[in-house]
Amino acid sequence: MARRSLLVGFGGFLPDRVVTNDELAARLETSDEWIKTRTGITRRHIAGPQDTATSMGAAAARKALEYAGLTAADIDAVIVGTSTPDQAFPATAVRIQAELGMAQGFAFDIAAACSGFIFALATADSFIRSGQARNVLVIGSEVYSRIVDWSDRGTCVLFGDGAGAVVLSGTDEAGKAGLLSTHLHSDGTAGDLLYVDGAVGRRDMSGHLKMSGRDVFRHAVAKLSSSVDEALEAEGLSYSDVSWLVPHQANIRIIEGVGKKLGLPPERVVVTVDRHANTSAASIPLALDEAVRDGRIKKGDLVLMEALGGGLTWGSALARL
Ligand code: ACO
């Protein structure tokens, strides 16, 4: 029996401060109606001065460890998907490792924008399958409120802050549960459709998120659809086998488009974008955490995850809980 990764722990963290569309409309030329109709978003959580990718990621990780019945001493690796690290280095993952009191194992970040969690999940799964790690914390943690241009109504209304975490644990035992497959893609030629113009290596730029919304929307629907097909084909499964779609939460219209393609009724699609907005790499683990804890996703369910983000990067993952 080949080794595979079980999803054994789930955790999430959202900052206390909630900002409604009406609050944004009080300082920008926008409206609750415009934002809701175009995106499905009604509110988002925004980081306070004390919240960082490290602090939020560590909080989500603690909850995931507790859910799994493990402690930090059991963890061999921490992999964090983030585009909003506290520092250029050390990696957010290393800072989280320290917050958790872990001196063992290894930790590093993955920069794949909104697809960061899928890329981190695939990487963790490879370490587990190759025998280099047994228990891995996979985290998405983001503070986009610090990289959006708060005067640009076309982008700032779309994002929120938060963190989500999953514990992957290797097993050699026979069984159907676990991460079945992951599928990753990127296309750098579309890099200018969604990017942040600046970083510590380019201080001459503003460091704000820029986006060609319509083009990203078009790519999202096409690439996410082919990505879910790819995942199901790889496992010889069909749309009707999927219990839950847990998509990256960017826009309700993109989510509904993919759900419709799968023939999944809306009640089989986990949606948090209405309350969280787009939390980039944190959105899938936050949605997973919510749906597992409220009992919607149960043991044995087949869960399909997909994401697309700046890069462009995109991918999917299929797991049986
Ligand atoms: N409030 C009011 N009006 C607005 C706002 C706003 N917040 N933002 C833009 N507008 C205006 C524009 O200025 C434009 O006005 P004009 O016609 O007078 O020029 C009009 O609304 C239409 O603008 P579009 O950008 O064409 O609107 P569209 O219908 O494409 O919706 C949106 C914009 C919601 C950004 C959409 O393109 C989208 O969701 N794209 C996907 C992008 C995305 O989700 N990115 C997240 C990261 S990638 C990912 O996670 C998948």
Side-chain angles (χ1 to χ4, degrees), residues 1-13 50-112 115-143 162-173 175 177-182 184 200 280-282 284-286 288-289 292-293 305 317 319 321:
M1 184 79 205
R3 180 164 303 173
R4 64 195 197 286
S5 311
L6 302 176
L7 285 78
V8 298
F10 307 89
F13 176 87
Q50 74 287 358
D51 298 314
T52 64
T54 297
S55 71
M56 297 194 301
R62 284 193 190 95
K63 290 182 189 158
L65 284 171
E66 194 184 352
Y67 189 105
L70 297 173
T71 70
D74 300 311
I75 297 298
D76 306 309
V78 181
I79 305 178
V80 176
T82 188
S83 309
T84 48
D86 307 1
Q87 299 164 303
F89 69 84
T92 305
V94 174
R95 294 294 194 193
I96 291 174
Q97 190 190 19
E99 288 257 324
L100 297 176
M102 281 174 64
Q104 84 284 1
F106 58 94
F108 60 93
D109 291 356
I110 285 186
S115 312
F117 179 74
I118 299 283
F119 277 58
L121 200 65
T123 308
D125 185 43
S126 299
F127 281 123
I128 288 173
R129 285 178 192 266
S130 71
Q132 282 177 274
R134 185 171 181 87
N135 296 317
V136 184
L137 261 170
V138 184
I139 302 168
S141 189
E142 302 277 22
V143 269
V166 162
V167 180
L168 282 192
S169 185
T171 182
D172 297 313
E173 285 172 21
L179 202 49
L180 304 182
S181 64
T182 55
L184 306 183
V200 291
S280 189
I284 292 177
L286 270 168
L288 261 181
D289 177 55
V292 167
R293 283 178 190 264
M305 298 166 259
L321 266 286

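Keep in mind that this is a model prediction, so the values were computed, not measured.
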Applying side-chain contact (heavy atoms from CB on, under 4.5 Å) to I110 and F117, what does each step give before you reach the verdict? CA-CA 9 Å; I110 285 186; F117 179 74; over 6 Å; no
[X] to [Y] - nearest heavy-atom pair and separation:
X	Y	answer
A122	L184	CB-CD1, 3.8 Å
V143	T84	N-OG1, 2.8 Å
L286	F13	CD2-N, 3.9 Å
S141	G57	OG-N, 3.4 Å
G164	P285	C-CB, 3.5 Å
L121	V138	N-CG1, 3.7 Å

I want to check something: taking the side chain as every heavy atom from C-beta on, are [X] and [Y] in contact at a cut-off of under 4.5 Å?
X	Y	result
L179	R4	no
F108	I79	yes
V78	V136	no
I96	V80	yes

Given 3.5 Å as the limit, does a donor-acceptor pair link the side chain of [X] with the main chain of [Y], or not?
X	Y	result
D86	A53	yes
T52	S55	yes
D109	A91	no
R293	F10	yes
R62	G11	no

Below 4.0 angstrom, N of the basic side chain to O of the carboxylate: do R134 and D76 qualify? no
Is it true that N135 and S169 share a donor-acceptor pair across their side chains at a distance under 3.5 Å? yes
Indicate whether the side chain of S130 and that of Q132 have a donor and an acceptor atom separated by less than 3.5 Å. yes
According to the side-chain hydrogen bond (donor to acceptor under 3.5 Å, both in side chains) rule, which pairs have a member within residues 95-108, sequence neighbours left out? Q87-R95
Derivation of the ring-ring contact (aromatic ring centres under 6.0 Å, His included) call for F127 and F106: CA-CA 11 Å; F127 281 123; F106 58 94; 5.1 Å; yes
Rounded to the nearest 0.5 angstrom, the OG-CZ distance for S5 and R129 is 6.0 Å
Looking at residues at least two apart in the chain, or sitting in another chain, which of them share a side-chain contact (heavy atoms from CB on, under 4.5 Å) with A72? L65, L100, M102
